[in-house]
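Beneath this line is the structure, given in structure tokens, with notes to follow.
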Amino acid sequence: MSGERERRELLINVIAGLLDGIRHVAVGASSPIPAAGAMLLRARNQRDGKPPVRVSILGSQEHNFFTNGAVEVFDCAAQGRVDAFFLGGGQIDGAGNINLVGTGPYPQTDVRWPGSFGSAYLYHLVPRVILFREEHSPRVFVPRVDFISAAATTPEVKRRGGPHALLTNMALFDFDRERGGFALRSVHPGFASSDIRAQTGFDYIEPAKVPTTPLPDPETLSLLRGRIMDELAETYPAFARSMLQAA
Amino acid sequence: MSGERERRELLINVIAGLLDGIRHVAVGASSPIPAAGAMLLRARNQRDGKPPVRVSILGSQEHNFFTNGAVEVFDCAAQGRVDAFFLGGGQIDGAGNINLVGTGPYPQTDVRWPGSFGSAYLYHLVPRVILFREEHSPRVFVPRVDFISAAATTPEVKRRGGPHALLTNMALFDFDRERGGFALRSVHPGFASSDIRAQTGFDYIEPAKVPTTPLPDPETLSLLRGRIMDELAETYPAFARSMLQAA
Amino acid sequence: MTEIVSLEALAADVRPSQSLAIPVTGVSMAATAALIEAGIRDIRLICVPISSMQADLLIGAGAVGAIETSAVSLGEAGGAPRFNAAVRAGSFALRDSTCPAILAGLLAAQKGVPFMPIAGIVGSDLLKVRPDWKVIDSPVGEPGKVVVVPAIAPDIALFHAPEADRAGNIRIGRLRELAAMAYAAKQTFVTVERIVDRNLMETEESAAAVLPSLYVDKVAVAPRGAWPLPLPGEYPGDDVEVARYAAMARSEEGFRAYLSGFLSQRKQVA
Amino acid sequence: MTEIVSLEALAADVRPSQSLAIPVTGVSMAATAALIEAGIRDIRLICVPISSMQADLLIGAGAVGAIETSAVSLGEAGGAPRFNAAVRAGSFALRDSTCPAILAGLLAAQKGVPFMPIAGIVGSDLLKVRPDWKVIDSPVGEPGKVVVVPAIAPDIALFHAPEADRAGNIRIGRLRELAAMAYAAKQTFVTVERIVDRNLMETEESAAAVLPSLYVDKVAVAPRGAWPLPLPGEYPGDDVEVARYAAMARSEEGFRAYLSGFLSQRKQVA
């Protein structure tokens with residue numbers, strides 16, 4: 001990929017595609033790329049006369065549609081009013097389970113991460129959870145997470161939510177909830193499917209010919225570099241500045 | 001008793017006495033006499049430098065200390081923050097159970113009353129529930145209610161709430177939670193203990209010599225006819241007018 | 001997204017056999033009239049947690065197939081005559097409740113759980129007439145019995161509020177039970193005194209009084225839409241009118257006469 | 001009734017081994033400094049539902065005996081260095097949770113019930129490390145497993161808000177988790193930017209933004225009391241300061257140096 005700006009623009013464009021068709025997406029407070037993807041979908045839908053998209057940014061005053069405190073996003077998800085959400089993970093395994101707690105034996109983990117946040121709950125309730133983790137390495141993508149903060153599939157209970165896709169700096173995977181595993185959908189420009197295999201610690205399905213992740217088209221780029229950058233600057237000023245510096 | 005005003009003043013004075021020592025009393029929307037009793041206690045405590053009393057009048061804007069909607073008074077009682085409350089009943093039985101639903105076989109009751117409101121819950125949770133029913137007749141005070149809206153004693157569960165006293169136009173009873181029954185405390189001026197026995201359909205304990213319910217002292221009367229009447233006029237204008245007309 | 005529609009269009013989207021949650025304060029009497037005008041039948045009323053003249057009118061007009069409530073009463077004007085008559089006649093399925101149990105059922109729906117535990121209630125005959133309520137052993141802490149009630153997810157929540165903004169945000173003030181109804185309901189229809197141009201979510205203080213448009217499907221303007229019931233911060237209840245209703249509704253004929261006058265009066269306001 | 005006291009007096013009434021509920025927005029950094037100054041030890045932190053610099057400072061200062069949280073993180077400034085180090089060292093009892101479970105536990109205490117059911121969670125290892133959480137068969141509706149969590153009733157809820165009035169009513173805006181903490185807690189201590197003469201409960205709209213004094217035990221004035229964290233409607237967070245903390249707190253010595261500077265800075269403001 002040609003540079004940092006282009007790398008980010010590709011991710012934002014992929015995210016907007018993954019969100020296509022949703023009405024309401026919630027985004028974590030420190031997630032500028034997912035937020036930008038959501039804003040891009042909103043702008044596109046508005047341009048094309050498609051149904052409006054609501055983007056809730058947790059912790060933001062400007063993009064906060066909630067008035068019932070910290071519990072509301074969780075209640076809202078339980079009511080089926082949140083269509084998409086993003087989760088990451090210090091570790092993500094081939095079954096789609098994520099670990100936000102740490103590595104090694106619990107509780108005195110060798111490495112400690114912040115904690116599970118709302119993942120154990122939202123993974124069950126939000127239909128389209130997009131796993132977004134930029135670092136693509138065997139350290140992150142492990143055969144089996146050391147601690148399951150949130151489980152991807154639980155046949156013992158009815159659930160509407162779970163992983164929809166996994167997006168990294170190198171590739172895009174789909175998640176098959178029936179099978180409980182990932183399938184490589186496309187590889188970002190500059191990488192080969194063998195790079196993905198080498199950098200992924202879990203097994204996954206791969207098509208005979210792996211497509212390349214499409215780049216944003218010129219119209220999308222002009223939205224991204226104009227309107228979306230302005231919208232981002234309100235909520236993620238540091239990120240917006242760094243996008244411009246990377247340009 | 002000499003007249004309607006005096007009758008009401010006696011009841012208000014008794015209620016203030018029953019509430020003595022509490023910090024927070026909640027009063028239903030259409031309960032001017034209980035509200036006046038609570039206001040009297042508040043005024044007395046203020047006069048005597050005793051701890052302040054909070055009077056919440058449900059449905060009133062002026063005396064509404066709640067900001068979390070209809071559920072708050074119930075939550076507040078569950079938290080132990082409501083010390084006293086008033087309940088009535090189309091029927092009240094000797095075990096302290098109350099019926100706010102109707103008489104005869106359920107659901108097509110012969111007489112239908114509004115319904116149980118919050119009684120089934122608050123009776124368990126408010127330490128000092130004062131049963132207040134002006135009509136004193138065998139029709140109201142029955143051996144066994146036709147429908148238990150709220151049960152007075154339930155040894156099978158731990159509870160902090162329950163009946164504290166029963167006040168009518170004719171007498172004042174204490175309730176003994178261990179025994180699960182009433183004891184006559186005093187008879188209002190103008191009635192004999194035999195009148196009470198004749199008008200009460202349930203059995204109760206009676207002291208050898210039944211005291212007369214004390215009349216309000218002159219200081220109390222002056223508070224009642226001054227400050228309390230002004231306070232009542234804000235929330236219960238019709239009642240305050242009728243008190244003045246009865247004077 | 002919230003649609004701003006006429007009162008008639010709002011009422012037309014309430015269908016027979018749907019469950020309709022209605023509050024005790026912030027009552028849309030305007031929509032009640034429009035529903036009766038439209039000839040609605042067989043609605044399943046959920047009173048949050050009680051109702052007064054609204055339920056009594058709908059019952060008298062023959063619109064109610066089932067009712068879940070903790071009480072129906074005209075308050076200082078006395079019992080609810082059409083409710084009481086209908087109970088005696090067995091005209092509808094009756095689910096007696098207690099106020100916090102209805103609020104707990106809505107809360108369960110708000111949280112996407114099948115039930116909600118609730119304090120108290122043990123010993124009440126409500127447990128006998130509500131086989132859908134259960135008494136369980138607490139699965140945590142000290143051993144003890146706890147009542148659990150099932151989730152209540154109304155098809156439609158219907159209420160009246162002072163203001164909506166253009167985006168469909170509703171100023172409900174501190175009547176947070178109106179928000180609780182909307183969270184739990186599949187759809188929410190709101191009548192308002194007026195629509196304002198400012199953004200009700202603009203400041204932290206103003207936003208605190210708002211039900212967000214996220215939960216609001218349809219808004220219709222209905223000036224004095226709660227009359228003769230009160231609307232906090234806007235107007236007091238018209239107690240004389242409620243007492244007039246109480247007196248007339250004692251008989252079926254009196255009720256019919258009142259209803260016909262009420263419907264024409266509501267039309268004049270609209 | 002609410003007492004208006006000094007910041008030191010407020011902090012002095014938090015005792016060792018008490019449980020202290022703290023929010024993620026509306027954080028009383030002023031009271032945090034006062035607690036550390038007073039040499040508090042062995043507090044049991046309940047983060048509602050996560051914490052950032054507040055928990056990390058208290059942990060680094062050796063004040064924390066136990067912590068229940070869904071996360072401790074400095075957000076964009078990275079992981080919480082003193083929390084992470086203390087977890088590895090096993091310095092306190094750790095109860096990992098997930099945000100809605102902490103909120104559900106508080107709600108159970110608010111409602112006086114021993115437990116609260118909660119959606120999701122099944123399959124998470126949190127169920128293994130939280131033996132106080134149970135998976136039960138739903139007692140109502142369709143058969144199915146439901147997680148239940150026990151009530152959380154903190155000894156003290158502590159937060160910072162824009163304003164209190166003379167009666168002790170607190171304007172919290174739409175940060176309703178602050179009210180949820182107060183409902184559940186035995187006592188509530190609040191620091192505020194200022195005390196105002198008007199009655200915050202005066203109108204339906206203003207009252208909607210208020211936690212009533214009924215729930216508030218102590219109020220102390222602490223201008224810029226959330227700094228360097230944000231206070232919605234008042235000031236943004238000081239991200240440079242949080243990043244400075246994040247860098248310094250990587251080592252024990254760096255943390256000590258930061259803490260000493262922080263305590264003197266907070267004293268200058270007060």
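Proteins come first, then strands; the chains are lettered A, B, ... in the order of their sequence lines, and each starts at number 1.
Residue A89(D) touches chain A through its backbone alone, counting heavy-atom pairs closer than 4.5 Å. With a 4.5 Å cut-off on non-hydrogen atoms, Y106(A) touches chain D through its side chain but not through its backbone. Neither the backbone nor the side chain of V73(A) comes within less than 4.5 Å of any heavy atom of chain D. Looking at I50(D), only its side chain comes within 4.5 Å of chain A, counting heavy atoms on both sides. For S119(A), the part lying near chain D is the backbone, with the side chain staying farther off; criterion is any non-hydrogen pair under 4.5 Å. Contacts of S97(D) with chain A are made by backbone atoms alone, with heavy-atom separations under 4.5 Å and no side-chain atom involved. Residue N99(A) does not touch chain D at all, counting heavy-atom pairs closer than 4.5 Å. Interface remark: Y123(A) contributes no atoms to any contact with chain D (heavy atom separation under 4.5 Å). With a threshold of 4.5 angstrom between heavy atoms, V71(A) approaches chain D through its backbone and through its side chain.
When the candidates G79(D), P232(D), A80(D) are compared by the number of heavy-atom contacts under 4.5 Å with chain A, P232(D) comes out ahead. Counting heavy-atom pairs closer than 4.5 Å to chain A, the top residue among T25(D), V129(D), V48(D), T69(D) is V129(D). Among G104(A), A151(A), G118(A), the residue with the largest count of heavy-atom pairs under 4.5 Å with chain D is G118(A). The candidate with the highest count of non-hydrogen atom pairs below 4.5 Å against chain D, out of A77(A), G28(A), G115(A), is G115(A).
Taken to the nearest 0.5 Å, the CG atom of L103(D) stands 6.5 Å off from the CZ atom of F74(A). Once rounded to the nearest 0.5 Å, the distance linking NZ of K128(D) with CZ of F147(A) reads 8.5 Å. Annotation: the span from T98(D) atom OG1 to Y121(A) atom OH amounts to 9.5 Å, rounded to 0.5 Å. Rounding to the nearest 0.5 Å places CG of L122(A) at 10.5 Å from CD1 of I121(D).
H124(A) places a side-chain N or O within 3.5 Å of a backbone atom of V122(D) that can act as its donor or acceptor partner. Between the side chain of S116(A) and the backbone N or O of S70(D) there is no donor-acceptor pair closer than 3.5 Å. Put simply, the side chain of T67(A) never gets that close to the backbone of R174(D): no donor and acceptor are under 3.5 Å apart. At distances below 3.5 Å, not a single donor-acceptor pair connects side-chain atoms of R112(A) with backbone N or O atoms of R88(D).
Of all heavy-atom pairs spanning T154(A) and G123(D), the tightest one is CG2-CA, 3.9 Å. When all heavy atoms of D96(D) and V101(A) are compared, the pair lying nearest together is OD1-CG2, 4.2 Å. Nearest heavy-atom pair across F83(D) and P114(A) is CE2-O, 3.7 Å.
Atom CZ of R160(A) has more than 12 heavy atoms from other residues, nucleotides or ligands within 6.0 Å. Heavy atoms of other residues, nucleotides or ligands lying less than 6.0 angstrom from CZ of R179(A) number more than 12. Heavy atoms from other residues, nucleotides or ligands lying under 6.0 Å from CZ of R250(D) number 12 at most.
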Next item on the list: Dump the intermediate steps for side chain to side chain contact (heavy atoms under 4.5 Å, CB included) on E142(D) and K158(A), then the final yes or no.
Entry: CA-CA 11 Å; E142(D) 289 175 48; K158(A) 279 202 340 199; 3.2 Å; yes

Notebook entry, point to check: Hey, mind stepping through N84(D) and W113(A) against side chain to side chain contact (heavy atoms under 4.5 Å, CB included) and telling me if it holds?
Noted result: CA-CA 7 Å; N84(D) 293 350; W113(A) 297 313; over 6 Å; no

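Contact of the L94(D) side chain with the P107(A) side chain is registered, since non-hydrogen atoms from C-beta on lie closer than 4.5 Å.
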